[in-house]
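Encoded as structure tokens, the structure appears first; notes follow it.
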Amino acid sequence: MTLELNIKPKTYDFYLMILTSAVLALIGLVCLYGIGYYTYTNETAPQWTQTQMYGDYIDSMNQLIYPFVVLLLVALGLCIPKRIVPRQSLLAAGTGILVATFFIALITNIGTSLAFLLAISIVVQAAVMVLTMLGRGGLTYEREGYFVRTGSSMLHLGTVIFVFDFVSMRSSELHIPVFWVATILITVGTVLSFYPGEVGSIARLLRSGGRSS
């Protein structure tokens with residue numbers, strides 16, 4: 001199977017794709033650092049999670065990941081299909097949300113502002129996914145095809161939910177269920193995005209089988 005991307009270099013979408021990939025890589029490095037620090041400290045000081053040291057660790061990780069999460073959500077927000085929201089309106093709305101996010105950070109804390117920004121992003125990306133699956137809203141993407149579009153929207157939503165789970169749900173009882181929701185969305189989205197032909201063939205086979213029965 002040959003995978004073709006119709007994204008031309010030196011265009012708005014090309015640079016957006018590069019920015020998103022770079023920010024995801026940086027977030028991955030921050031997560032690896034956090035996991036490594038947690039594991040090492042847990043071995044050397046098993047009770048550290050019951051001390052102020054753990055609170056300082058959470059605060060430092062939030063501060064470290066904050067700019068990258070903001071950049072990621074901005075990039076993913078700008079990836080919203082252009083026929084839903086005009087680009088200028090999208091930029092204006094994104095700017096307003098960022099201003100509100102920084103204001104919340106000033107009057108509360110970074111964790112609360114991140115939760116606010118992630119929650120808005122989840123709602124927006126979920127709406128895009130639903131519209132895509134229903135085939136409504138006049139959606140356009142860089143690569144056409146129902147399964148590719150659906151997979152792309154699932155990847156976006158799954159990524160935002162994964163970051164939300166990492167940033168805001170670590171101490172919640174829903175941490176693991178939310179993690180699995182993100183994992184399923186990312187996995188299914190990857191399959192649909194990279195193997196749309198195979199998925200389409202299976203769907204047509206199932207459809208024909210259902211009609212014959």
- Where do S153 and M129 come nearest, in terms of heavy atoms and distance? OG-CG, 3.5 Å
- Exercise: do N109 and T112 side chains pair donor with acceptor under 3.5 Å: yes
- Task: Determine whether M154 and I184 make a side-chain contact, defined as any pair of heavy atoms from C-beta on separated by less than 4.5 Å.
- Result: no
- Check whether F116 and L174 end up in the same hydrophobic cluster, where Ile, Leu, Val, Met, Phe, Trp and Tyr are linked by side-chain heavy atoms less than 4.5 Å apart. yes
- Task: Mind listing the closest non-hydrogen atom pair of T41 and M53 along with its distance?
- Result: CG2-CE, 3.5 Å
- Query: ring-ring contact (aromatic ring centres under 6.0 Å, His included) with F103: which residues, sequence neighbours excluded?
  - Reply: none
- Using the rule that two of Ile, Leu, Val, Met, Phe, Trp, Tyr join whenever any of their side-chain heavy atoms come within less than 4.5 Å, decide whether V123 and V160 are in one cluster. no
- Item | N/O donor-acceptor pair under 3.5 Å between Y57 side chain and G34 backbone | yes
- How many angstroms lie between atom CD1 of I161 and atom CD1 of I186, to the nearest 0.5 angstrom? 8.5 Å
- Item | Shortest non-hydrogen contact from S193 toward G151 | OG-C, 3.2 Å
- Message: Can you confirm whether the side chains of Q52 and D56 place a donor and an acceptor under 3.5 Å from each other?
- Response: yes
- Message: Minimum heavy-atom separation for L157 and I122, please, with both atom names.
- Response: CD1-O, 3.7 Å
- Message: Testing the basics here: between G189 and L155, what is the closest heavy-atom pair and its distance to 0.1 Å?
- Response: C-CG, 3.8 Å
- Item | Parallel, tilted or perpendicular, as decided by the 30° and 60° cut-offs, for the rings of W48 and Y54 | perpendicular
